[in-house]
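Predicted, not measured: the structure shown is a model, and the values here were computed from it. Read the numbers this way: they start at 1 and go in the same order the structure lists the ligands and their atoms.
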Amino acid sequence: MAPVNVATSAGQYPIHIEPGRLQRIAQSVPGNATRLVIISNPVVDGLYGAVLRQALAPLGKPVMTIIVPDGESFKSLDTLNTIYDRMLAEKLDRRAVILALGGGVIGDMAGFAAATYMRGIRYMQIPTTLLAQVDSSVGGKTAVNHPLGKNMIGAFYQPVSVDIDIDVLRTLPAREVSAGLAEVIKYGLILDAAFFEWCERNVAQLVALDADALAYAIGRCCELKAQVVSEDEKETGLRAILNLGHTFGHAIEAGLGFGTWLHGEAVACGLVQAAVLSGKVLDLPAEDIERVRQLVRAIGCPDVAPDLGQDSWLDLMQGDKKTEGGEIRYVLLPGIGQAVVQAAPLDKVQETLEETVGN
Ligand code: NAD
Ligand code: MG
């Protein structure tokens, strides 16, 4: 498959999507890199670190590996500091290149390390979760969490390449696959009705990790995200449509405690809630709402929202970053494949919660 190109103000970079891409990673390494720094966690390094180092060996460049603990709670300034400590102790210069090997946690943190080490060095994204392959590795948002908020310390900083090996998804827990598929169907809903239909027809193959189906779906998602990001690199407008389902989803994640539901699971349920609200505000037809619900079920994600109490639902949605002057702005669907961002009347939101929250 031809690479997907992402155009940004700083130039363009390729996304390579292939089975076995890890073995050919040397093709993406910038020729003038002095040293290579793999940043990963024990789980992913244990599975794929050796393959990566072997694939880099023919380049004859020194390779060091920095392992940070696994998990969202380690996407922190403290962990970042341990990365800087190692890089400075090893006297890495500005022509060193970071290779982020892992899911979104590693990609976001390694990307931010690259953005800030000596005012910025180059980095390559090697995403190993489905969510990271279709979402977090593309677009140049890098960050760590702060005790007062997720992703609050970060930078827009684009990688030199994204290398997606779909074979690595075979070791991903099924729940993580389902969560990643939530973001996949989101792209169809906001931008591409034909792709949504394709997902409906191919959902069994996707869940079963069929290589052709995955390569097609990941490629299409990267193309769609690349288009949106190229038009709105720093999220001042269009990029907000990527948050379909995320206002409801954020309330679920925060209300149940982060990590109780995976992000993608909460987003999947939020897609159903956003579709129901779209029915009330923009007349999205009932059969389209049902298609969203059926596809969310088919990817193995929850379609009934947890009870957080009606008041706390509204408070929690208010706490989401996407509010403007206290008014909640929702991504809504006038039809499948089209998205708008707007406020919604409170009574319609309340009706939506009554209809979508279970007991
Ligand atoms: P994650 O990085 O925590 O990975 C999930 C789990 O899967 C981890 O335990 C990881 O070790 C394991 N894992 C990774 N690859 C594996 C593989 N191939 N086989 C087996 N296990 C594997 O979670 P995630 O869902 O990839 O990413 C979530 C993060 O992404 C959040 O911090 C979120 O804020 C961020 N994010 C960023 C953007 C962005 O635009 N930058 C977009 C969406 C999400
Ligand atoms: Mg998301």
Select the closest option to [atom] among [options], judged by heavy-atom distance.
atom                    : options                : result
atom 25 (O) of ligand 1 : L131, V177, L169, D167 : L131
atom 41 (N) of ligand 1 : Q133, K141, K150, M109 : K141
atom 14 (C) of ligand 1 : L47, T129, L130        : T129

In sequence, state the C-alpha distance, the side-chain angles, and the governing distance for D232 and T236, and then conclude on side-chain hydrogen bond (donor to acceptor under 3.5 Å, both in side chains). CA-CA 6 Å; D232 180 18; T236 52; 3.1 Å; yes

Please state which protein non-hydrogen atom is closest to atom 8 (C) of ligand 1 and give its distance, to 0.1 Å? D70 OD1, 3.4 Å

Any idea which protein heavy atom is nearest atom 19 (N) of ligand 1, and the distance to it? T171 OG1, 2.7 Å

salt_bridge(K141, E233) N-O dist < 4.0 Å: no

Less than 4.0 angstrom from a charged side-chain N to a carboxylate O is my criterion; do D108 and K150 meet it? no

Any nitrogen or oxygen of T142, side chain or backbone, less than 3.5 Å from one on ligand 1? no

Heavy-atom donor-acceptor pair, T79 side chain to K75 backbone, under 3.5 Å: no

Contact between H246 and ligand 1, counting heavy atoms under 4.0 Å? no

What protein N, O or S atoms come within a distance below 2.8 Å of the Mg ion (ligand 2), ordered by chain and number? E183 OE2, H246 NE2, H263 NE2

In ligand 1, which numbered atoms sit nearer than 4.0 Å to a non-hydrogen atom of K75? 31 (C), 32 (O), 33 (C), 34 (O), 35 (C)

Ligand-side contact atoms (ligand 1) for residue partner D135, heavy atom cut-off under 4.0 Å: 42 (C), 43 (C)

Donor-acceptor contacts, no H, no angles, side chain residues 260-271, under 3.5 Å, sequence neighbours left out:
unit_1	atom_1	unit_2	atom_2	d
T260	OG1	L256	O	2.9
T260	OG1	G257	O	2.7
H263	ND1	E253	OE1	2.9
H263	NE2	E183	OE2	3.1
H263	NE2	H246	NE2	3.3
E265	OE1	R175	NE	3.4
E265	OE1	R175	NH2	2.8
E265	OE1	L262	N	2.7
E265	OE2	R175	NE	2.7

Any side-chain heavy atom of K186 within less than 4.5 Å of one from L189? no

Ligand 1 versus N145, non-hydrogen atoms closer than 4.0 Å: side chain, backbone, both, neither? neither

